[in-house]
Amino acid sequence: MKIIAGNSNLPLSSDVGKYLQIDLAKATIRRFADEEVYVEIKENIRGEDVFVIESTSYPANDNLMELLVIIDALKRASAKRITAVLPYFGYARQDRKPGPRTPISAKLVANLISTAGADRVLTVDLHAEQIQGFFDIPTDNLFAGPVFSRDIKDQFDLSNLVAVSPDIGGVVRARAIASKFGASIAIVDKRRPKAGESEVMNIIGEVDGKDCIILDDIIDSAGTICNAADKLIEIGAKSVTAYVTHGVLSGKAISRIKDSKLKEVVITDTINNIENANELEKIRIIPISVLLGEAIRRISEESSVSSLFEF
Ligand code: R5P
């Protein structure tokens with residue numbers, strides 16, 4: 001097995017390598033003066049089972065292009081099997097036509113990855129599970145749920161917990177955590193007047209005096225979780241904590257979280273945003289490298305990945 005690290009998340013790739021007790025494969029991945037991507041794999045990978053770790057996070061297009069060029073280099077170097085490991089799959093939110101004459105970019109990106117030569121995809125908490133079907137190659141979608149639930153167990157009085165979905169789309173995620181702890185769920189009735197803005201209309205469920213845990217896949221502008229926290233506190237919640245897999249944290253996200261009623265925001269390191277997150281004590285990062293590393297090991301050994309999700 002070989003692991004190639006793209007530039008998007010070197011700390012995570014290196015942690016995965018440590019978990020698997022293998023050195024990252026030697027490769028030069030750089031830019032020409034005009035920003036074209038140049039890749040040179042510096043060791044023999046002929047016949048190898050190769051995992052390329054690259055989050056298509058900010059700068060999304062550069063990282064995506066880098067991933068495609070790395071895959072092409074590997075294919076032409078006769079790798080036996082290439083797995084695109086996307087700890088964060090950017091473009092996932094463009095998974096349907098929101099209006100006439102708009103693209104389904106998640107499908108386009110999935111096509112690009114398989115056309116470049118990937119044989120499999122491994123990712124974490126896809127925005128919508130059915131995006132797996134956009135790839136015509138085997139796709140494993142890992143859940144951060146087990147990682148979060150271990151932390152929740154350590155941090156909370158489980159008898160006073162409510163799992164909150166910040167929108168209708170996240171109900172399954174909230175219900176999984178709620179049933180794990182015998183907690184109830186609440187649902188935020190969220191409206192998006194326009195892209196990048198969110199408004200809370202109502203809260204469905206009982207939260208008075210409860211410790212609320214918002215579960216979501218992405219914090220981008222942080223509008224969703226901050227508005228939800230405001231509303232939950234307004235109607236009597238005792239505390240609000242957010243557990244979110246991908247800390248995109250763009251624009252004013254950090255200052256919004258700082259000024260919000262959120263007690264704490266817990267994210268994973270699928271996106272290399274440690275510097276941003278460290279600006280704020282309220283943000284805590286839980287590493288995902290063991291889950292990812294273990295899934296890579298199992299894929300390589302052709303053993304069960306789904307049993308990792310039993311929690
Ligand atoms: C939306 O469906 C996603 O699950 C997230 O709730 C959303 O992307 C978060 O975006 P923001 O932080 O900008 O509100």
Side-chain angles (χ1 to χ4, degrees), residues 92-96 98 106 124-132 141-153 155-249 253 256-257 260-268 282 286 309 311:
R93 284 174 289 179
Q94 297 186 52
D95 60 355
R96 64 194 175 284
V124 182
D125 273 337
L126 274 173
H127 176 60
E129 279 196 61
Q130 57 271 28
I131 294 169
Q132 285 175 81
N141 178 33
L142 305 179
F143 304 120
V147 180
F148 285 157
S149 66
R150 276 194 288 277
D151 192 76
I152 291 167
K153 207 169 159 191
Q155 306 279 335
F156 290 90
D157 165 9
L158 300 176
S159 63
N160 197 43
L161 216 61
V162 174
V164 180
S165 171
D167 49 36
I168 305 298
V171 174
V172 173
R173 204 172 286 121
R175 192 175 292 130
I177 294 285
S179 29
K180 161 94 184 150
F181 298 122
S184 55
I185 69 165
I187 302 166
V188 178
D189 173 17
K190 177 176 93 173
R191 204 179 62 147
R192 275 207 188 278
K194 54 179 173 176
E197 275 180 27
S198 69
E199 227 175 75
V200 173
M201 309 304 288
N202 279 302
I203 305 285
I204 304 160
E206 188 49 61
V207 298
D208 195 20
K210 297 285 190 181
D211 293 310
C212 294
I213 292 183
I214 300 175
L215 296 140
D216 208 355
D217 58 330
I218 296 170
I219 307 176
D220 190 350
S221 68
T224 297
I225 55 167
C226 293
N227 294 342
D230 281 351
K231 189 71 177 178
L232 290 163
I233 293 289
E234 185 192 309
I235 62 168
K238 184 174 152 208
S239 73
V240 184
T241 304
Y243 280 80
V244 185
T245 311
H246 309 294
V248 175
L249 298 174
R256 228 178 236 157
I257 292 170
S260 75
K261 301 206 164 63
L262 286 155
K263 187 173 141 205
E264 188 175 38
V265 173
V266 183
I267 57 175
T268 75
K282 254 191 203 184
I286 300 189
F309 311 148
F311 69 102

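Please read all numbers here as calculations on a predicted model, not as lab measurements. Values reported hereafter were calculated over all heavy atoms of this structure, with side chains retained and with hydrogens, waters and symmetry mates removed.
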Q. Should Pro166 and Lys190 count as side-chain neighbours, where that means a heavy-atom distance under 4.5 Å?
A. no
(Q) I'd like to check the salt bridge (Lys or Arg N to Asp or Glu O under 4.0 Å) partners of Lys282; sequence neighbours left out, ordered by chain and number. (A) none
Q. By side-chain contact (heavy atoms from CB on, under 4.5 Å), which residues pair with Ala186, not counting sequence neighbours?
A. Val162, Val164, Ile203, Val207
Q: Kindly give the heavy-atom pair with the smallest separation between Ile187 and Val171, and that separation in Å.
A: CD1-CG2, 3.8 Å
Q: List for me each residue that meets salt bridge (Lys or Arg N to Asp or Glu O under 4.0 Å) alongside Lys261, sequence neighbours excluded, and say none if there are none.
A: Asp230
Q) Are any side-chain N or O atoms of His246 and backbone N or O atoms of His127, one a donor and one an acceptor, separated by less than 3.5 Å? A) no
Q | Spacing of Asn202 atom CG and Arg191 atom CZ [to the nearest 0.5 Å] | A | 11.5 Å
Q.
For Tyr243, run the side-chain hydrogen bond (donor to acceptor under 3.5 Å, both in side chains) check against Thr268, Asp216, Asp151 and tell me which one passes.
A. Asp151
Q: Not counting sequence neighbours, list each pair that qualifies as a ring pair (Phe, Tyr, Trp, His ring centres under 6.0 Å) and has a residue in residues 168-190.
A: none
Q. For the residue pair Ile185 and Ala178, what are the closest heavy atoms and their distance?
A. CG2-CB, 3.2 Å
Q | Set of residues satisfying side-chain hydrogen bond (donor to acceptor under 3.5 Å, both in side chains) with respect to Asp125, sequence neighbours excluded | A | Thr245
Q: Say whether, by atom type as modelled, one donor and one acceptor occur between the side chain of Asp189 and the main chain of Ile204 under 3.5 angstrom.
A: no
Q. How far does CG of Leu262 sit from CD1 of Ile257, to the nearest 0.5 angstrom?
A. 7.0 Å
Q) Can you name the one residue among Ile267, Ile218, Val265 that meets side-chain contact (heavy atoms from CB on, under 4.5 Å) with Leu249? A) Ile267
Q. Listed by chain and number, what are the side-chain hydrogen bond (donor to acceptor under 3.5 Å, both in side chains) partners of Glu206, not counting sequence neighbours?
A. none
Q | Heavy-atom closest contact (Ala228 atom, Ile214 atom, distance) | A | CB-CD1, 3.9 Å
Which pairs would a plain distance check flag for residues 232-239, meaning a side-chain donor or acceptor within less than 3.5 Å of a matching protein atom at least two apart in sequence or in another chain?
from   : atom 1 : to     : atom 2 : distance (Å)
Ser239 : OG     : Asp211 : OD1    : 2.7

**Q.** Contact summary for Cys226 and Ser260, nearest pair of heavy atoms
**A.** SG-CB, 3.6 Å
**Q.** For Lys210, side-chain hydrogen bond (donor to acceptor under 3.5 Å, both in side chains) partners two or more places apart
**A.** none
Q.
To the closest 0.5 Å, what do you measure between NZ (Lys153) and CG (Leu158)?
A. 8.0 Å
Q: Determine the minimum heavy-atom distance between Ala92 and Asp95, stating which atoms define it.
A: O-CB, 3.4 Å
Q: Of all the heavy-atom pairs spanning Gly170 and Ser165, show the shortest one and how long it is.
A: C-OG, 3.0 Å
Q. Got a sec, which pairs hit ring pair (Phe, Tyr, Trp, His ring centres under 6.0 Å) with one end in residues 160-180, sequence neighbours left out?
A. none
Q. Are any non-hydrogen side-chain atoms of Val240 and Ile225 less than 4.5 angstrom apart?
A. no
**Q.** Residues forming a side-chain contact (heavy atoms from CB on, under 4.5 Å) with Glu129, sequence neighbours excluded
**A.** Gln132, Asn141, Phe143
Q: Only counting residues at least two apart or in another chain, list the ones meeting salt bridge (Lys or Arg N to Asp or Glu O under 4.0 Å) with Arg175.
A: none
Q: Could you tell me which residues satisfy side-chain hydrogen bond (donor to acceptor under 3.5 Å, both in side chains) with Asp208, sequence neighbours excluded, listed by chain and number?
A: none
**Q.** Approximate separation, where rounding is to 0.5 Å, of Phe148 CZ and Leu215 CG
**A.** 7.5 Å
(Q) In the structure I gave you, are the side-chain heavy atoms of Arg93 and Asp220 within less than 4.5 Å of one another anywhere? (A) yes
